[in-house]
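Because the structure is predicted, anything quoted here is derived from the model rather than measured. Residues take their numbers from the sequence shown, with the count starting at 1.
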Amino acid sequence: MGSSAEMKGKNVTIDEEKEMNFKNKLTALVVDDSKMHRLIHKKLLATLGVESQEAENGKEAVDICLSGEAFNLILMDYDMPVMDGREATKLLRENGVDTMILGVTARSREWEREEFMGAGLNDCQEKPLTRAKLLSALQEVDAKL
């Protein structure tokens with residue numbers, strides 16, 4: 001076992017700590033109608049040093065983004081009331097938002113995921129979102145900044 005560093009009350013290996021050292025300060029918008037999923041994703045982002053904001057549905061996400069708020073990553077749920085993730089993603093892209101959008105869905109049928117991707121997602125992952133999948137997306141975002 002490697003040495004560890006104390007970080008926010010959790011033991012983290014030195015290798016994991018290096019993974020979290022992004023070149024840039026990253027921010028994310030967590031969009032999900034489930035308060036529990038928003039909380040889980042926000043805590044996961046926080047453990048990686050990423051500040052986040054949340055929205056309960058796609059319309060809120062679109063309003064936040066079009067009001068001038070800028071994010072490096074948007075985690076977008078598919079199924080939400082008011083406006084679903086597919087429609088929100090499409091509207092964001094039509095309005096010039098080029099932020100990486102990672103779809104996060106419980107839907108597992110290939111055609112549903114392709115439909116979601118077709119709205120303008122950069123990638124789509126099944127729930128639950130793992131730390132490894134999130135870290136990979138954040139490293140990709142960080143490298144492009």
Side-chain angles (χ1 to χ4, degrees), residues 5-13 15-145:
E6 191 70 24
M7 185 166 182
K8 296 191 180 187
K10 294 186 179 183
N11 284 331
V12 185
T13 68
D15 288 339
E16 289 173 323
E17 192 174 355
K18 286 178 186 172
E19 288 176 344
M20 293 182 275
N21 291 329
F22 300 113
K23 292 183 298 185
N24 302 282
K25 181 179 175 189
L26 302 178
T27 59
L29 178 62
V30 178
V31 188
D32 201 307
D33 59 317
S34 164
K35 187 174 185 175
M36 180 185 69
H37 283 124
R38 288 194 314 271
L39 180 64
I40 290 168
H41 291 153
K42 284 180 61 100
K43 284 191 176 210
L44 191 54
L45 286 161
T47 66
L48 294 168
V50 178
E51 290 184 18
S52 63
Q53 191 173 330
E54 60 186 89
E56 292 183 23
N57 59 61
K59 182 178 180 339
E60 255 185 53
V62 170
D63 290 345
I64 289 168
C65 291
L66 297 185
S67 74
E69 291 271 358
F71 302 95
N72 303 109
L73 176 69
I74 299 173
L75 299 180
M76 183 73 72
D77 183 28
Y78 188 112
D79 294 301
M80 296 179 285
V82 184
M83 181 185 292
D84 68 22
R86 187 177 48 91
E87 187 178 347
T89 299
K90 188 173 184 234
L91 276 172
L92 289 170
R93 295 304 191 215
E94 287 173 356
N95 283 281
V97 175
D98 64 354
T99 300
M100 175 185 263
I101 303 176
L102 178 62
V104 185
T105 182
R107 293 178 178 235
S108 58
R109 292 185 184 107
E110 189 61 34
W111 68 268
E112 291 173 315
R113 293 167 60 87
E114 286 175 10
E115 185 179 68
F116 200 9
M117 286 292 296
L121 293 180
N122 295 88
D123 194 11
C124 188
Q125 298 290 334
E126 277 189 53
K127 287 182 182 176
L129 184 60
T130 65
R131 182 181 188 281
K133 290 175 185 174
L134 183 56
L135 183 58
S136 176
L138 290 167
Q139 287 171 332
E140 183 179 336
V141 167
D142 191 45
K144 290 180 181 178
L145 294 178

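- Expressed to the nearest 0.5 Å, how far NZ of Lys35 lies from CD1 of Ile40 amounts to 13.0 Å.
- Residues Ile64 and Ala55 come closest through the heavy atom pair CD1-CB, 4.1 Å.
- In this structure, CZ in Phe22 is found 5.5 Å from CG in Leu48, a value given to the nearest 0.5 Å.
- Here the options are Thr27, Asn122, Leu134, the test is side-chain contact (heavy atoms from CB on, under 4.5 Å), and the partner is Leu73; only Leu134 passes.
- Distance check: Ile101 CD1 to Met117 CE gives 11.0 Å after rounding to the nearest 0.5 Å.
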Can Leu29 and Glu54 be said to form a side-chain contact (heavy atoms from CB on, under 4.5 Å), step by step? CA-CA 5 Å; Leu29 178 62; Glu54 60 186 89; 5.6 Å; no
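- Under the 3.5 Å distance criterion, the side-chain polar atoms of Arg86 are left unmatched by any main-chain donor or acceptor of Phe116.
- Cys124 places a side-chain heavy atom less than 4.5 Å from the side chain of Thr105.
- Counting all heavy atoms, side chain and backbone alike, Lys59 lies closest to Val82 at CB-CG1, 3.8 Å.
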Evaluate side-chain contact (heavy atoms from CB on, under 4.5 Å) for Met100 paired with Glu140, printing each intermediate quantity in order. CA-CA 9 Å; Met100 175 185 263; Glu140 183 179 336; 3.3 Å; yes
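- Of all non-hydrogen atoms in Val97 and Arg93, the two that sit nearest each other are O-NH1, 2.7 Å.
- Thr89 places a side-chain N or O within donor-acceptor distance of the main-chain N or O of Gly85, the cut-off being under 3.5 Å.
- Listed for the Lys42 side chain is no donor-acceptor partner under 3.5 Å among the backbone atoms of Val30.
- Remark: Asp77 engages Lys127 in a salt bridge, criterion side-chain N to carboxylate O under 4.0 Å.
- Between the side chain of Asp32 and the backbone N or O of Ser34 there is at least one donor-acceptor pair closer than 3.5 Å.
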Run the numbers on Glu126 and Arg107 for side-chain contact (heavy atoms from CB on, under 4.5 Å), then give the verdict. CA-CA 7 Å; Glu126 277 189 53; Arg107 293 178 178 235; over 6 Å; no
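- A 6.0 Å sphere centred on NZ of Lys23 holds more than 12 heavy atoms belonging to other residues, nucleotides or ligands.
- With respect to Glu51 and Lys25, a salt bridge is recorded, a charged nitrogen being found less than 4.0 Å from a carboxylate O.
- Counting heavy atoms from C-beta on, the side chains of Met76 and Val104 never come closer than 4.5 Å.
- Tyr78 pairs in a side-chain hydrogen bond (donor to acceptor under 3.5 Å, both in side chains) with only one of the listed residues (Glu112, Arg113, Glu115), which is Glu115.
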Could you walk me through whether His37 and Leu129 pass side-chain contact (heavy atoms from CB on, under 4.5 Å), step by step? CA-CA 10 Å; His37 283 124; Leu129 184 60; over 6 Å; no
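- At distances below 3.5 Å, not a single donor-acceptor pair connects side-chain atoms of Asp142 with backbone N or O atoms of Leu138.
- Within the 3.5 Å criterion, the main-chain N or O of Cys65 finds no donor-acceptor partner in the side chain of Glu69.
- A pairwise comparison of heavy atoms in Ala61 and Leu92 identifies O-CD2, 4.5 Å as the closest pair.
- The line from CG of Leu26 to OG of Ser52 is 11.5 Å long, rounded to the nearest 0.5 Å.
- At a cut-off of 3.5 Å, with distance as the only test, no side-chain donor of Asp33 or Asn57 sits close to an acceptor on the other residue.
- Taking OG1 of Thr99 as the reference point, atom CZ of Phe71 lies at 8.5 Å (rounded to 0.5 Å).
- Atom CG in Asn95 sits 4.5 Å away from atom CG in Leu66 (nearest 0.5 Å).
- Between Val31 and Gly58, the shortest heavy-atom distance links the atoms CG1-N, 4.2 Å.
- For the pair Asn24 and Asn72, the minimum side-chain heavy-atom distance is 4.5 Å or more.
- Smallest separation of non-hydrogen atoms from Gln125 and Asp123: NE2-OD2, 3.0 Å.
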